[in-house]
K.L.:
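Structure provided below as structure tokens; questions to follow.
Side-chain atoms are counted along with the backbone in the values below, which use heavy atoms only and exclude waters and symmetry mates. Keep in mind the model is a prediction, meaning the values are calculated, not measured.
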Number of protein chains: 2
Amino acid sequence: MSDPPLRADARRNRARILAAAAEVFDAHGTSASTEEVARTAGVAIGTVFRHFPTKADLLTALMKDLQGRLAARAAALAEEGDGTALFTFFAEVVEYAAGARTVVHLLAVDVGVDRQVAALGTAVEVLLARAGEAGTVRAGVRADEVTALLAAACHGALAAGWTPDLRHRTVARLLDGLRP
Amino acid sequence: MSDPPLRADARRNRARILAAAAEVFDAHGTSASTEEVARTAGVAIGTVFRHFPTKADLLTALMKDLQGRLAARAAALAEEGDGTALFTFFAEVVEYAAGARTVVHLLAVDVGVDRQVAALGTAVEVLLARAGEAGTVRAGVRADEVTALLAAACHGALAAGWTPDLRHRTVARLLDGLRP
DNA sequence: CTAAATTATGAGTCACCACTCATCTTGTCA
DNA sequence: TGACAAGATGAGTGGTGACTCATAATTTAG
């Protein structure tokens, strides 16, 4: 049930590996090799596989972290919340995704979507409800549509090489479709 | 300058390979192996590489074909053209992309984008101009934004597993952002 | 400080894939 | 039809990447 506590060096290495994985996968995509993660972390390849028996396990750990940060940001925005929080969140995520390829991995099917996108979806639902109360969003817009648009924008911004300018204009157009 | 004409069997095999490649890459993405293409075409692997010295060459041939068909469809729609041709084209491409992974490859950076997306971009420009004349599109919308939205929608529809229903609603929202 | 247990190391294994080439087959043309 | 060139074949090559495991190095408890 409870795991024996990690040795000091093991804790340190685990943290290093996660940081390196975020850096490498953000830069080169999730197809980057595990060996490059190990090299970046300053650790032997075996150590990576001791902590994360599978590359997928490593990815999952990263995704959990990322999804937690996104949900927290959404919650914070909902707190301050005038009706524009949804739009702010949307734009921020796309902006972040433009420089971090892991985000689209979170929004894609391959990862354990069920939980992860569900949780992100909840965040979007809350923001959408706030916007609905404030009347800043068109009637009839559903949360899954917003999440879908968010995923599309992130994928597009990364896969096709949008310039910052094009990215901003495109997101603006996209959000226009949600306004009354 | 001019190539000596192909032998009969060579012509037949070339056609089979292209058809098989379209089928395989549409179904499993461009990362599917060349050997599977050969198997599907009923041809030895060496034959594939005789016709297309590189996997990239095979992809390029497919992309040229696809891009030609899309441009032709856009032209046909512009012909009939009331102001809704742009919207029809947009929806059709996304619908097609939902079942054919090669489309997003065409819209992504990796392929020789410069030419290809440029040609697709031209088609979009024409349709956008028609829509502008008819007043069915919001003022200030630029062609590159429409192309970007199209790419985003195609990527999203494929990468995140949108249901047909969600896909239709999402595209509708997206197009709403373009209307006056 | 020492022993036992945990962790780190990195060369090696296995599978996959793009691509090659010596050899065999088939189409073409006189 | 016969002969030659164009094309087809598929086992083989080289390279990469996920993952393993025997051995070495650290940590920690007593």
Side-chain angles (χ1 to χ4, degrees), chain A residues 1-63 101-102 105 108 110-112, chain B residues 1-63 101-102 105 108 110-112:
Chain A
M1 207 81 234
S2 62
D3 345 302
L6 286 178
R7 238 168 59 177
D9 55 344
R11 255 199 317 281
R12 193 175 56 237
N13 281 339
R14 192 189 156 89
R16 276 185 190 165
I17 290 166
L18 279 173
E23 180 184 333
V24 170
F25 292 145
D26 272 348
H28 308 306
T30 57
S31 62
S33 72
T34 311
E35 182 157 350
E36 178 153 2
V37 172
R39 208 178 311 127
T40 305
V43 138
I45 183 110
T47 305
V48 175
F49 281 99
R50 159 168 273 269
H51 285 279
F52 305 95
T54 278
K55 186 180 179 178
D57 291 331
L58 178 54
L59 259 317
T60 301
L62 280 180
M63 292 305 108
R101 308 186 85 87
T102 49
H105 198 258
D110 359 305
V111 211
Chain B
M1 208 79 235
S2 62
D3 344 300
L6 285 180
R7 239 169 57 177
D9 55 344
R11 254 199 316 281
R12 194 173 56 237
N13 281 339
R14 191 189 156 88
R16 277 185 188 165
I17 290 167
L18 278 172
E23 180 185 332
V24 169
F25 292 145
D26 273 348
H28 308 305
T30 56
S31 63
S33 72
T34 312
E35 183 158 349
E36 178 152 3
V37 173
R39 209 180 309 129
T40 304
V43 137
I45 181 101
T47 304
V48 176
F49 281 99
R50 160 169 272 269
H51 285 279
F52 305 96
T54 278
K55 186 179 180 179
D57 292 332
L58 178 53
L59 260 315
T60 301
L62 281 180
M63 292 305 107
R101 309 186 83 89
T102 49
H105 198 258
D110 359 305
V111 209

K.L.:
What side-chain donor-acceptor pairs closer than 3.5 Å can you find for residues 16-29 of chain A, not counting sequence neighbours?
P.N.:
{"residue": "A:D26", "atom": "OD1", "partner": "A:T102", "partner atom": "N", "Å": "3.3"}
{"residue": "A:D26", "atom": "OD1", "partner": "A:T102", "partner atom": "OG1", "Å": "2.4"}

K.L.:
Among residues at least two apart in sequence or on other chains, which ones pass salt bridge (charged side-chain N to carboxylate O under 4.0 Å, His left out) with A:R11?
P.N.:
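With neighbours one apart ignored, the set is empty.
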
K.L.:
Could you encode protein contacts along nucleotides 24-30 of chain C as a string, one character per nucleotide from 5' to 3', using B for base contact, S for sugar-phosphate-only contact and - for no contact, with a heavy-atom cut-off of under 4.0 Å?
P.N.:
--BSS--

K.L.:
If a protein heavy atom is under 4.0 Å from the base, mark B; if only from the sugar-phosphate, S; if neither, -; do that for nucleotides 12-22 of chain C going 5' to 3'.
P.N.:
-----SSBB--

K.L.:
How far does CG of B:L6 sit from CZ of B:R14, to the nearest 0.5 angstrom?
P.N.:
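Result: 7.0 Å between the selected atoms.
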
K.L.:
For the pair made of CD1 in A:I17 and P in C:dT7, what is the distance, rounded to whole Å?
P.N.:
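About 12 Å, once rounded to whole Å.
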
K.L.:
Which residues satisfy the salt bridge (charged side-chain N to carboxylate O under 4.0 Å, His left out) test with A:D9, sequence neighbours excluded?
P.N.:
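Listed in chain order: A:R7.
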
K.L.:
What is the minimum heavy-atom distance between B:A38 and B:V48, and which atoms define it?
P.N.:
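Here B:A38 and B:V48 meet closest at CB-CG2, 3.7 Å.
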
K.L.:
What are the bounds, 5' to 3', of the part of DNA chain D that sits under 4.0 Å from heavy atoms of chain A?
P.N.:
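For DNA chain D, the relevant span reads D:dG17 to D:dT28.
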
K.L.:
Heavy atoms only: give me the nearest B:P53-B:D57 pair and the separation to one decimal.
P.N.:
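Distance-wise, the nearest heavy atoms are CD-OD2, 3.4 Å.
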
K.L.:
Per the side-chain hydrogen bond (donor to acceptor under 3.5 Å, both in side chains) rule, what does the pair list look like for residues 29-53 of chain B, sequence neighbours excluded?
P.N.:
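Non-adjacent pairs meeting side-chain hydrogen bond (donor to acceptor under 3.5 Å, both in side chains): zero.
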
K.L.:
Let me know the distance between NE2 of A:H51 and C1' of C:dT9, rounded to the nearest Å.
P.N.:
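Atom-to-atom, A:H51 to C:dT9, this comes out as 12 Å.
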
